Amino acid sequence: MKFDKEKMRLYAITDRHWLNGRSLKEVVKESLDGGVTFLQLRDKNSDDETFLQEATELQELCRDYKVPLIINDNVGIALKMNADGVHVGQSDMEAGAVREKLGPDKILGVSARTVEQALLAQERGADYLGVGAVFATGSKADAAELPHETLKAICEAVSIPVVAIGGITAENISQLKGTGICGVAVISAIYAQNNIKEAAEELKEAVDKIVL
């Protein structure tokens, strides 16, 4: 499943930390109702059986909304459930090896922090890049803040879509205008909020103002 870069506008990444007794499917549905256009299932702690069950449920939901579902890191699960694609970081499986396993038709996203990493990922088959952290974030303890000049340089260097990630909120998103991004990826700005649907709607409205 290849995709239109418009699908990258509001990219949500799941996190079980804020479920508060609710199901992941329930909170994801609220975010999709609010305008999320792309979803990544990220779960570092569940066993493969639980992960697969959850991923399959979310895939059915995402297909109802015509939203791509990407699996974080776990290529095996993605292949088993026929997910739309996979996202890998710099410390995960190398992009070229992931592309080889996925084949040409699945979506491959790669995290990058430098122009060199971005160009290499593109060369090895990435369909889009996740670049950050563009603001200070508590979601990843090791994510140092990336200068917006570097984000812009990466966008200018590659021909594939770039999504900014890290500490993004409806209040600071305007600072990313002019960098060349196709969208933003968020976790807590949606899933840590009391009203997930409203949070997604607010973010979608904010990103639409800065992305051409």
Side-chain angles (χ1 to χ4, degrees), residues 2-13 15 31 35-40 42 67-68 70 72-73 85-96 98-99 107-192 199-212:
K2 292 305 180 181
F3 63 100
D4 184 329
K5 70 177 185 179
E6 291 290 318
K7 288 287 187 185
M8 309 303 293
R9 287 284 172 116
L10 184 54
Y11 183 139
I13 302 172
D15 192 322
S31 69
V36 162
T37 57
F38 204 93
L39 186 76
Q40 180 189 136
R42 182 173 181 264
V67 166
I70 300 296
N72 180 264
D73 292 354
V86 172
H87 186 95
V88 292
Q90 289 293 317
S91 60
D92 302 318
M93 188 186 295
E94 186 271 326
V98 178
R99 172 55 73 201
I107 301 168
L108 173 58
V110 179
S111 298
R113 283 184 55 83
T114 67
V115 169
E116 291 74 21
Q117 288 176 353
L119 287 169
L120 187 59
Q122 177 176 259
E123 178 189 322
R124 295 190 174 171
D127 292 303
Y128 75 88
L129 301 172
V131 177
V134 294
F135 299 107
T137 175
S139 296
K140 291 191 79 172
D142 59 347
E145 199 168 336
L146 187 81
H148 294 175
E149 293 78 13
T150 304
L151 173 63
K152 186 175 182 181
I154 289 172
C155 291
E156 290 171 349
V158 298
S159 58
I160 55 178
V162 174
V163 177
I165 186 170
I168 296 166
T169 66
E171 289 70 42
N172 64 22
I173 199 171
S174 61
Q175 296 176 44
L176 300 175
K177 188 172 183 178
T179 56
I181 59 170
C182 291
V184 296
V186 297
I187 305 174
S188 60
I190 290 179
Y191 294 117
E201 286 172 341
E202 190 177 357
L203 276 163
K204 182 66 167 52
E205 188 178 334
V207 76
D208 283 345
K209 289 177 181 174
I210 68 155
V211 175
L212 298 176

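In this text, all values refer to a predicted model and were calculated from it rather than measured experimentally.
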Any pair counted as side chain to side chain donor-acceptor pair (under 3.5 Å), so long as it reaches residues 203-212, sequence neighbours left out: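 Non-adjacent pairs meeting side chain to side chain donor-acceptor pair (under 3.5 Å): R9-D208, K204-D208.
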
Partner residues of A12 under the side-chain contact (heavy atoms from CB on, under 4.5 Å) criterion, sequence neighbours left out: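 Applying side-chain contact (heavy atoms from CB on, under 4.5 Å) to A12 gives V36, L39, I190, Y191.
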
Test log, rule side-chain contact (heavy atoms from CB on, under 4.5 Å), inputs I165 and V134: CA-CA 6 Å; I165 186 170; V134 294; over 6 Å; no

K5: side-chain contact (heavy atoms from CB on, under 4.5 Å) partners, not counting sequence neighbours: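 K5 satisfies side-chain contact (heavy atoms from CB on, under 4.5 Å) with P161, C182 once adjacent residues are dropped.
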
Indicate every side-chain donor-acceptor pair of residues 151-160 with a distance under 3.5 Å to a residue at least two apart or in another chain.
from, atom 1, to, atom 2, distance (Å)
S159, OG, Q122, OE1, 3.0

Check against side-chain contact (heavy atoms from CB on, under 4.5 Å), L129 and V163: CA-CA 6 Å; L129 301 172; V163 177; over 6 Å; no

Under 3.5 Å: donor-acceptor pair, side chain of T37, backbone of K7: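 Such a contact is found between T37 side chain and K7 backbone.
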
Qualifying ring pair (Phe, Tyr, Trp, His ring centres under 6.0 Å) pairs, either residue in residues 147-169, two or more places apart: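 For residues 147-169: F135-H148.
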
Minimum heavy-atom distance S31-A200, with the two atoms named: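 Of all heavy-atom pairs spanning S31 and A200, the closest is O-CB, 3.7 Å.
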
With sequence neighbours excluded, residues passing salt bridge (Lys or Arg N to Asp or Glu O under 4.0 Å) with E94: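 Listed in chain order: R124.
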
Ring pair (Phe, Tyr, Trp, His ring centres under 6.0 Å) contacts touching residues 161-189 (sequence neighbours left out):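 Matches after skipping sequence neighbours: none remain.
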
For V88 against D92, the heavy-atom pair lying closest together: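 Minimum heavy-atom separation between V88 and D92: C-OD2, 3.7 Å.
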
For A199 against A189, the heavy-atom pair lying closest together: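 Closest pair (atom of A199, atom of A189, distance): CB-O, 3.6 Å.
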
Interatomic distance, I168 atom CD1 to T137 atom OG1 [nearest 0.5 angstrom]: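 Output value for this atom pair is 9.0 Å.
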
Any residue meeting side-chain contact (heavy atoms from CB on, under 4.5 Å) with E202, in chain and number order, not counting sequence neighbours: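 Partners of E202 under the side-chain contact (heavy atoms from CB on, under 4.5 Å) test: A170, E171.
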
Exam field: side chain R42 to backbone I13, donor-acceptor pair closer than 3.5 Å: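 Checked: no pair found.
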
Results of side-chain contact (heavy atoms from CB on, under 4.5 Å) for T114 - residues two or more places apart only: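 side-chain contact (heavy atoms from CB on, under 4.5 Å) list for T114, sorted by chain: E116, Q117.
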
Test item: Q90 side-chain N/O and S111 main-chain N/O as donor-acceptor pair under 3.5 Å: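 The answer is yes, because a donor-acceptor pair under 3.5 Å joins these two groups.
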
Given V131, V207, I210, the one that forms side chain to side chain contact (heavy atoms under 4.5 Å, CB included) with I181: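 Output: one option passes, namely I210.
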
For D73, side-chain hydrogen bond (donor to acceptor under 3.5 Å, both in side chains) partners two or more places apart: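 D73 satisfies side-chain hydrogen bond (donor to acceptor under 3.5 Å, both in side chains) with K44 once adjacent residues are dropped.
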
side-chain hydrogen bond (donor to acceptor under 3.5 Å, both in side chains) partners for Y128, two or more places apart: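 If we apply the side-chain hydrogen bond (donor to acceptor under 3.5 Å, both in side chains) test to Y128, skipping adjacent residues, the hits are Y11, H87.
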
side-chain contact (heavy atoms from CB on, under 4.5 Å) between R99 and V110, intermediate numbers included: CA-CA 11 Å; R99 172 55 73 201; V110 179; over 6 Å; no

Heavy-atom check, side chain of D15 versus side chain of S188, under 4.5 Å: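 Sidechains of S188 and D15: no contact.
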
Short side-chain to backbone donor-acceptor contact, N172 and G167, under 3.5 Å: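 Confirmed, N172 side chain pairs with G167 backbone.
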
